[in-house]
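Take a look at the structure set out below.
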Amino acid sequence: MIDTTNLTAGQLADAWRPIRATSPADEADPLVLECARRLIADPGGEQAHLWVAGLVAMTGYLAWRPGPAAERAARGALRAAAEVLGERPCPHDSHPYEARMDSLEDEVWAGRTSLVGERPTGTGPVLCPGNVAGWARLALDVIAPFTVRRIPAGAPAYHHSRIKTLSGIVNDYPYDSPRDVLADEATFLPSRPTRGVLAGYLVTMHATCWYAASGRITDRSVLEAMIKGIGEGVRLLGDSPCDHAPGGHPDTDDPDCAGSVGYLLRSPGGRAEMAEDHGWGDDEGDDGAADDEPLDAWVCPAFLRDLADEALATLTDALEGFAAAEDEDNAEGTQAL
Ligand SMILES: [Zn+2]
Ligand SMILES: [Zn+2]
């Protein structure tokens, strides 16, 4: 365990740079806790941008399986910074953090915040409190989707293109080969997904499973790949308890809508699109917990486990149908001989 308390900002930055989702907790947690400690001590202070940059850089770790104390401290400190800095008036119409929302997926840690290291000196928009607060909100939303407001709406262009393709399939007017599209989708689960990406993957699998099981796909390997991917997704779901009221889980009856949500869930800008449709405005405060239909139910492990079970049952039944049809073909083939 490294002693982080006496590190300079530069030494701390050198230490947090290699932190990834795969980093061991005894390496990453002390760095997260130190950044969070320094940030919460003065969330609107002159050095706040450094500690926000550190937590953004370690978001890949924080969005996966951080120690509970580290996650709690990071979320508390980021929220405090977003609130204090986000309230400061500034003359800018926009800030650098929102410049690439159309390509920003959940991997915000891979985006260049420019808050540390090579950056313009002075008080340009990079160091504007509004920009630092913006990065803090993005990191919070990736670590804990739908817990923060005022994220600029707009999913990445690639995600919108997938939504269009999937919409064609679930409406039975496919543009591309459904076999190829669904085979690709089944492989799109990373080994350490963020909560939004994992939820999005399982929602997409659920939205498309009826099509895969309908007999329109004749290649059984597609269904097998979907079953394998869903099984992996279920294993990656955390075990946090469901605290939603009965009936508080989202309605997924409309596969077109669910197919779209499956991709919107995978980026801060996409989730902000959902929030906008849900009526979250800029001036309603930052707490979505009081909603009647909480958006965070889309990433609830209990909800996702139910979706996965339904999809697995549908696909498994269809595969059994394939096997029965193959047996019949074989029997007919034998008789013909
Ligand atoms: Zn500004
Ligand atoms: Zn729930």
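Remember, it's 1-based here, ligands and their atoms both numbered in the order they're listed. Just the heavy atoms: all of them, side chains too, but no hydrogens, waters or symmetry mates, feed the values below.
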Query raised in the report: So how far is it from E98 CD to I151 CD1, rounded to the nearest 0.5 Å?
Result: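 It is 10.5 Å, given to the nearest 0.5 Å.
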
Give a yes or no on whether a salt bridge exists between [X] and [Y], defined as a side-chain N under 4.0 angstrom from a carboxylate O.
| X | Y | result |
| --- | --- | --- |
| K228 | E232 | yes |
| R271 | D106 | yes |
| R220 | E320 | no |

Query raised in the report: Side chains of T194 and W64: closer than 4.5 Å at any heavy-atom pair?
Result: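 Answer no - side chains too far apart.
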
Query - ND1 (H244) - the Zn ion (ligand 2) - SG (C300) angle, nearest 10° - result: 110°

Query raised in the report: At the Zn ion (ligand 2), what's the angle from C242 SG to H249 NE2, rounded to 10 degrees?
Result: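 C242 SG and H249 NE2 form an angle of 100° at the Zn ion (ligand 2).
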
Query raised in the report: Ignoring waters, how many protein N/O/S atoms are under 2.8 Å from the Zn ion (ligand 1)?
Result: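 Every protein N, O or S atom under 2.8 Å from the Zn ion (ligand 1) counted, the figure is 4.
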
Query raised in the report: So E273 and R266, salt bridge (Lys or Arg N to Asp or Glu O under 4.0 Å) or not? Walk me through it.
Result: CA-CA 11 Å; E273 280 191 42; R266 304 185 201 201; over 6 Å; no

Query raised in the report: Does the ring centre of F146 sit less than 6.0 Å away from the ring centre of W298?
Result: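 No, ring centres 6.0 Å or more apart.
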
